[in-house]
Amino acid sequence: MADAELLLADGRRARIPAGQPILAALQALGEAPVETAVAAAWNGQTLDFMTPVPSDASLTLVPPDSPDGLRVLRHSAAHLMAAAVQALSPAAKFAIGPAIEDGFYYDMELPRPLTPEDLPIIEAKMRELAAQRLLYQRRELEMSEALAWAREHRQDYKIEILETIRQYGTSRPEGRAPGTQGVPESRESAEHRALNAEAEVEELAGEVQVGTSTVSFYQTGTFTDLCRGPHVPDTSWLTAFRLTHIAGAYWRGDERRPMLQRIYGTAFPTQEALDRHLFNLEEARRRDHRRLGRELDLFSVADEVGGGLILWHPKGGMIRTLIEDFWRDEHLANGYDLVYTPHVGRAKLWQVSGHLEFYQDLMYPRMEGDGNDYYVKPMNCPFHIMIYQSKVRSYRDLPLRFAELGTVYRFERAGVLHGLLRVRGFTQDDAHIFCTPEQMDEEITRAVRFSLFFLRTFGFKDYEVYVATRPEKFVGEPGDWEVATEALKRAAGRAGQAYEVDAGGGAFYGPKIDIKVKDALGRPWQCTTVQFDFNLPERFGLAFVGEDNRQHRPFMVHRALLGSIERFLGVLIEHYGGAFPAWLAPVQARVLPVADRHHAYAASVVARLQEEHLRGEVDDRNEKIGFKIREAEVQKIPYILVVGDRETAAGTVSVRLRGGQDRGVMPLADFVHTLATENKPQAV
RNA sequence: GCUGGCGUAGCUCAGCAGGUAGAGCAGCUGAUUUGUAAUCAGCCGGUCGGGGGUUCGAUUCCCUCCGCCAGCUCCA
């Protein structure tokens, strides 16, 4: 047999004989695979180390900390966990257990519900099994044998998976449901779909090749699982793992099917990497906007008011005001008209818009008065359309850009509410652009650029941009879709952004571009969405009079840049960890008098700040200076001004920055100047 | 909405075999007049999420509702 070529981790190339396991070949070369690689790659395929070296192949190594390497580790860890669960609970029925971003999970049906106390027990069993160096032994079975195995072991879910593979080849058919129009408050829906589909492909695929009917199994000790692989050679390769939490999950993500128990865990190549990850999780908890919202007295939610309905406290209200003032200024400077619309509208409006037909589940229930039915608005668009329709529009009027910080209400299911990030009442920084087909291209480009300008100003440097294209069910002309989709792609390109195409991920009424920002911890959050709408102009019969004196249908674009102000603030709180830059800090400077006799001077310092429209306050409590400093630090106030005898006498302040840096003593006027300079939005 | 977990003072929690509740922080009062991340003392504060049941007796056991949390589903 012909040799294969292997590219080693250090860049050297080696010839290895075909036929023997890849691992053996590596060991013969004196390589230490655990540290440098966990699998091999050939032709874009990841191969187990136990796979025989293919002849005439050119192999590379898959490092343990690469995306593919981590997948191998985590998928193997998922099997190890399942093996541990099976050892502890032999009646367990296993569903799927894929590697996911940051870890893995396994869904299973167990005789009794798991509790958090079970996790350390399962983890201990995993360590015990890992120490036994159990092999991950692969074998191929005919479909009929595989089914016989699954039936014999009463693995009902595996039976179903095998049946699916037999029927469809690998994955389940994937469909998208139509809905209605408007600016969504959406978050990662495409991602979830993709994740689920991917997870299932990963697990389902006993890798049925066209024209064959075998599926692969992996056996680890006494645990056998239908699985495509690849895996590490044996359990001793898994050194750093941790089970993190448990949750319910519907079988195949279908709420009509049984709820399984899901155990989440994660695995890393090294203990240090695992520790770092766990530390990051801890950091994320420290930055949780719900926690910071209470600690910094920004907002609250009250049972008496209702879930998902936010009460903004003075400090949170201050931040919000600053954001909204900035937003309004910039919109006026960028050719938008500000409009205001009501919170409720008559049923007829929502019939015409189609919301009552497609969106009613998410609307607050009907209100009745004066013989008419009214609904609280879940979207602003119908109102903006009514403004458009308040008179005859000429091509000379276009483009029209109606912008509103419009508060909408959506009756989200109770279980989805989450702090500020998923609420029932929220304020969209909404705008609707009505333009001619010729203007559309430039309008989209402007909107995308405008959005990036906002995001940068609020400190976000990294984005993910998605262009979502026409789904199977759609309204409008395919030609219009084509033109609009191209405009979106061009706009992304012109803004200097790399983007991904979410094929078929558009709304039924038009294609869209979504921008997600990445926060300080690299987590993505959907904010901006720019969507074409080929539905509402039709439903409302929108028109403008063209140069030819004939009626034409305008293009309509929905766009929200920050998304929802509530969500954006939630993201912002976590992004800054509550330590807002000076221009956004609700309190920019806290003045700390050393003793009672300095109170008058401290008050005069605050008064001076207020004259300059800067935000200061005095801590005149009867406490020692160390205590007051600690409190100001905990409140994450950017500037701490200590004033004692010396400062009072000289008209100065002793400036301490948030975090402890000492700026020394300076004349009050100098400090005012410094802070005033900083008190402006600045793009990063 | 579904599965699981959890609801004890404003916050963080203890109270782990049923005998009507404790701590720290916060708040209030007093002493102290303080120089860069917690001064000391006293006091106030809870019908133990709501309702029902078992029991001589329930924060503790059971049922039910409400809310929160982790996920799932959803998020046009």
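Residue numbers start from 1 in every chain, and the chains themselves are labelled A, B, ... in the order their sequence lines are given, proteins ahead of strands.
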Lys/Arg N to Asp/Glu carboxylate O, A/Glu404 vs A/Lys377, below 4.0 Å: yes
Geometric cation-pi criterion A/Arg630 and A/Phe627, 6.0 Å radius, 45° cone: no
Cation-pi geometry met for A/Arg286 and A/Phe279 (6.0 Å, 45°): yes
Span that lies between the C1' atom of B/rC13 and that of B/rA21, in whole angstrom: 14 Å
Below 4.0 Å: OP1/OP2 of B/rG27 and any side-chain N or O of A/Arg621: yes
Residues A/Gln360 and A/His355: side-chain donor-acceptor under 3.5 angstrom: no
A/Glu623, nearest nucleotide to its side chain (from B/rU39, B/rA37, B/rG35): B/rU39
Nearest to side-chain heavy atoms of A/Ser654, which nucleotide of B/rU36, B/rA37, B/rA76: B/rU36
Atom pair distance, as rounded to whole Å: CZ in A/Arg410 and P in B/rA76: 7 Å
Interatomic distance, A/Arg413 CZ vs B/rG1 P [rounded to whole Å]: 9 Å
Nearest to side-chain heavy atoms of A/Asp596, which nucleotide of B/rA38, B/rU33, B/rU36: B/rU33
Interatomic distance where CG belongs to A/Leu657 and P belongs to B/rA37 [whole Å]: 14 Å
Residue pairs involving residues 631-640 of chain A (criterion salt bridge (Lys or Arg N to Asp or Glu O under 4.0 Å); sequence neighbours excluded): A/Arg621-A/Glu631, A/Glu633-A/Arg656
B/rG50 to B/rU33 separation - P atoms, rounded to the nearest Å: 47 Å
Nucleotide-resolved protein contact map, nucleotides 61-71 of chain B, B/S/- at heavy-atom distance under 4.0 Å: ------SSSSB
Distance, rounded to the nearest Å, where A/Glu631 contributes CD and B/rC25 contributes P: 12 Å
Among B/rU33, B/rU39, B/rC11, the one nearest A/Ala595 by side-chain distance: B/rU33
Length of the CD-C1' vector between A/Glu633 and B/rA38, whole Å: 13 Å
A/Arg630, nearest nucleotide to its side chain (from B/rU36, B/rA38, B/rA76): B/rA38
Residues which pass side chain to side chain donor-acceptor pair (under 3.5 Å) with A/Glu295, listed by chain and number, not counting sequence neighbours: A/Arg291
Over-ring placement of A/Lys516 relative to A/Tyr466, 6.0 Å and 45° cut-offs: yes
Upstream residue (5' side of RNA chain B) when A/Leu260 and A/Gly644 are each assigned their closest nucleotide: A/Leu260
Separation of the P atoms in B/rG52 and B/rU39, to the nearest angstrom: 47 Å
Gap between atoms CD and P, on A/Gln661 and B/rU36 respectively (whole Å): 17 Å
Touch class at under 4.0 angstrom, heavy-atom based, for A/Asp645 against every strand present: base
Interatomic distance where CD belongs to A/Gln261 and C1' belongs to B/rC2 [whole Å]: 13 Å
Nucleotide of B/rG1, B/rU39, B/rU36 approaching A/Phe627 most closely (side-chain heavy atoms): B/rU39
C1' gap between B/rU55 and B/rU12, integer Å: 34 Å
Distance, rounded to the nearest Å, where A/Leu592 contributes CG and B/rA38 contributes P: 13 Å
Side chain to side chain donor-acceptor pair (under 3.5 Å) partners for A/Gln261, two or more places apart: none
Lys/Arg cation over aromatic A/Phe411: A/Arg424, 6.0 Å, 45° cone: yes
Intra- and interstrand pairs of RNA chain B - dot-bracket, Watson-Crick/G-U under 3.5 Å, | marks other strand: (((((((..((((.....[..)))).(((((.......))))).....(((((..]....))))))))))))....
Pi-cation contact, A/Tyr105 with A/Arg262 (under 6.0 Å, within 45°): yes
A/Arg656 side chain near B/rA37 phosphate (N/O to OP1/OP2, under 4.0 Å): yes
By side chain to side chain donor-acceptor pair (under 3.5 Å) - contacts of A/Arg590 (at least two apart): A/Glu617
Donor-acceptor pair present, A/Arg422 side chain and B/rC74 base, under 3.5 Å: yes
Polar side-chain contact A/Glu647-B/rG35 base: donor and acceptor under 3.5 Å: yes
